[in-house]
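Structure, as structure tokens:
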Amino acid sequence: AAAAAPSLKNAALLRPGVLQATRIFHTGQPNLAPVPPLPEHGGKVRFGLLPEEFFQFLYPKTGVTGPYVLGTGLILRLLSKEIYAITPETFSVISTIGFLVYIVKKHGASVGEFADKLNEQKIAQLEEVKQASIKQIQDAIDMEKSQQALVQKRHYLFDVQRNNIAMALEVTYREQLHRVYREVKNRLDYHISVQNYDASEGTRAHDKLGGEACGAEHLCTAGEGNSRQVHCRSKAARKEGSSSASYVNTSIPIKTARNS
Amino acid sequence: MNENLFTSFTTPVILGLPLVTLIVLFPSLLFPTSNRLVSNRFVTLQQWMLQLVSKQMMSIHNSKGQTWTLMLMSLILFIGSTNLLGLLPHSFTPTTQLSMNLGMAIPLWTGAVITGFRNKTKASLAHFLPQGTPTPLIPMLVIIETISLFIQPMALAVRLTANITAGHLLIHLIGGATLALMSISTTTALITFTILILLTILEFAVAMIQAYVFTLLVSLYLHDNT
């Protein structure tokens with residue numbers, strides 16, 4: 001694409017308007033994209049001016065004192081040949097440069113620390129925002145997890161409720177069953193007591209009345225062997241023997257079920 | 001190097017080419033821009049200082065006056081840096097030239113006054129008469145106020161020029177006195193040298209103060225007129 005598209009290099013044959021119309025935009029890496037990091041410390045210097053590499057360069061040949069001798073020689077040559085002349089301005093040089101060096105030596109480190117602190121504050125502010133955001137989200141996650149855990153435990157509640165309702169239903173059922181049993185038992189007890197009464201005194205009254213009391217057939221039960229009772233019983237059996245028999249029959253299973 | 005006192009104030013020319021253009025443009029190299037969040041110490045300190053100064057100076061203006069922030073901040077940076085650079089030995093200070101200071105003062109003052117007359121005509125005209133003057137004095141006072149208004153740009157320019165030039169001149173003279181006294185009596189020379197040191201300290205202060213004063217007065221004129 002770079003070879004095909006016209007660029008500034010081979011624009012000589014094109015007319016200016018064409019060049020403007022076919023200019024290439026944004027072909028390279030934008031320089032706002034990841035910027036390379038700054039070096040942490042600057043190059044080492046001596047006397048604030050001369051780089052350390054110069055001293056290292058001269059060291060093999062002249063040793064430690066080499067650059068200093070060179071410097072002294074140069075300065076003395078400048079002064080003696082009046083390449084640099086002593087003028088009133090020399091004193092202003094001495095006072096100004098002396099003042100500046102004094103200020104830098106005295107306050108340089110503290111100013112540097114202040115600048116570092118400014119940068120640190122900037123970063124700390126942004127870091128705090130980031131941490132607060134992370135913490136907020138983490139708290140939300142934890143709360144969500146705890147809520148989910150609570151929801152997991154909810155089935156216990158439902159089980160308890162279900163059990164309660166089942167128990168209540170069971171109780172109601174048994175209660176009704178018991179009521180039925182009681183009612184039936186009452187009726188049967190009544191019948192039994194009536195029959196007992198009949199068995200003990202009812203026959204005499206029956207005899208007294210002369211057999212017409214046989215109309216009250218429901219009062220007769222299967223008691224002692226007696227022709228009149230058998231007669232009554234056979235009549236009763238014909239009419240409602242099945243039902244009384246069924247009474248007797250049903251009482252037994254209820255009894256056994258409750259007493260077991 | 002310098003034959004007489006005036007050579008340090010002539011505009012530097014090399015082979016007929018005006019070097020003064022480069023000298024005037026040079027301080028802009030000392031204020032690097034940085035797009036980083038965390039820059040080197042130099043840029044950080046400059047940003048901090050600029051923030052401090054702009055907050056202190058532009059907080060008194062309303063939103064219309066605060067549109068001048070860029071102008072005033074560049075002004076104070078320029079005057080401050082050129083003054084301070086001029087204190088270095090053998091350097092040329094552009095602000096010693098009256099032509100340049102007039103070129104800075106007159107347009108700024110005129111801009112402020114014309115803004116005032118265009119947008120708040122009544123209030124601008126009212127500045128000509130202070131409150132509570134007795135009636136017979138009014139004509140006289142209007143004339144005086146007019147003169148004081150028109151003298152403002154002149155005062156701005158001349159104040160800056162005179163201060164900086166006088167400072168440079170004094171340094172030069174006392175340096176010369178020290179030099180002359182060195183061969184006569186070293187003790188007196190040392191005393192004179194001490195005076196020179198104190199003067200240098202003063203000049204550093206004056207350099208910055210003058211920048212501040214210039215910008216402050218322009219901002220004051222702006223405040224009156226917005």
Side-chain angles (χ1 to χ4, degrees), chain A residues 29-43 45 48-49 75 78-79 81-104 106-130, chain B residues 1-5 7-8 32 34-52 84-92 167-183 189-190 192-205 207:
Chain A
Q29 176 94 356
N31 62 353
L32 296 176
V35 192
L38 291 171
E40 199 171 330
H41 299 287
V45 286
L49 284 174
I75 290 172
L78 285 177
L79 284 172
K81 291 212 176 185
E82 290 248 315
I83 299 172
Y84 176 75
I86 306 268
T87 63
E89 203 139 345
T90 312
F91 291 97
S92 80
V93 170
I94 298 172
S95 70
T96 310
I97 303 291
F99 175 64
L100 284 173
V101 167
Y102 173 71
I103 293 290
V104 168
K106 192 150 178 243
H107 298 298
S110 66
V111 169
E113 270 169 27
F114 177 70
D116 288 340
K117 199 159 63 80
L118 284 175
N119 280 336
E120 244 172 82
Q121 272 173 355
K122 231 194 267 189
I123 293 180
Q125 226 176 352
L126 295 171
E127 189 75 28
E128 194 186 306
V129 168
K130 185 175 97 164
Chain B
M1 281 265 164
N2 296 324
E3 309 87 39
N4 56 22
L5 288 175
T7 48
S8 59
S34 168
N35 292 329
R36 294 168 180 270
L37 176 67
V38 173
S39 338
N40 53 6
R41 286 174 175 180
F42 194 52
V43 173
T44 315
L45 284 171
Q46 278 177 5
Q47 284 173 350
W48 167 78
M49 203 172 48
L50 199 56
Q51 203 181 25
L52 194 71
L84 285 170
L85 280 175
L87 287 171
L88 292 173
H90 297 291
S91 56
F92 170 71
H168 282 300
L169 218 52
L170 263 178
I171 288 179
H172 209 259
L173 286 169
I174 295 187
T178 322
L179 183 64
L181 283 173
M182 279 273 270
S183 41
L190 275 173
T192 328
F193 189 64
T194 318
I195 296 175
L196 185 60
I197 293 179
L198 293 173
L199 197 62
T200 314
I201 297 172
L202 177 67
E203 283 312 308
F204 271 97

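Lettering follows sequence order; numbering is per chain, from 1. Reckoned from all heavy atoms, side chains included, excluding hydrogens, waters and symmetry mates.
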In residues 115-123 of chain A, which residues are in contact with chain B at a heavy-atom separation under 4.5 Å? A:Ala115, A:Asp116, A:Leu118, A:Asn119, A:Lys122, A:Ile123
Which residues pass the ring pair (Phe, Tyr, Trp, His ring centres under 6.0 Å) test with A:Tyr102, not counting sequence neighbours? none
I need the minimum non-hydrogen distance between B:Ser34 and B:Gln47, along with the two atoms involved. O-NE2, 4.2 Å
Determine yes or no for a side-chain-to-main-chain donor-acceptor pair under 3.5 angstrom, with A:Ser95 supplying the side chain and B:Ile197 the backbone. no
Against chain A, label B:Ser39 side chain, backbone, both or neither, depending on which of its atoms sit under 4.5 Å from a heavy atom there. backbone
Residue, of B:Thr192, B:Asn40, B:Leu45, that accumulates the most heavy atom pairs under 4.5 Å with chain A: B:Leu45
Can you tell me which portion of B:Glu203 sits under 4.5 Å from chain A's heavy atoms? Options are side chain, backbone, both or neither. neither
Check the pair B:Leu87 / B:Ile171 against side chain to side chain contact (heavy atoms under 4.5 Å, CB included), numbers first and verdict last. CA-CA 9 Å; B:Leu87 287 171; B:Ile171 288 179; 4.2 Å; yes
Would you call the rings of B:Phe204 and A:Phe99 parallel, tilted or perpendicular, where under 30° means parallel and over 60° means perpendicular? tilted
Portion of A:Ile86 that has a non-hydrogen atom of chain B nearer than 4.5 angstrom: both
Tell me if a side-chain donor or acceptor on A:Glu89 pairs with a main-chain N or O of B:His90 at a distance below 3.5 Å. yes
Interface moiety of B:Ile174 toward chain A, non-hydrogen atoms closer than 4.5 Å: neither
So, using side chain to side chain donor-acceptor pair (under 3.5 Å) as the criterion, who are the partners of A:Ser92 when residues are at least two apart? none
Quick one: list whatever passes salt bridge (Lys or Arg N to Asp or Glu O under 4.0 Å) with A:Glu113, sequence neighbours left out. none
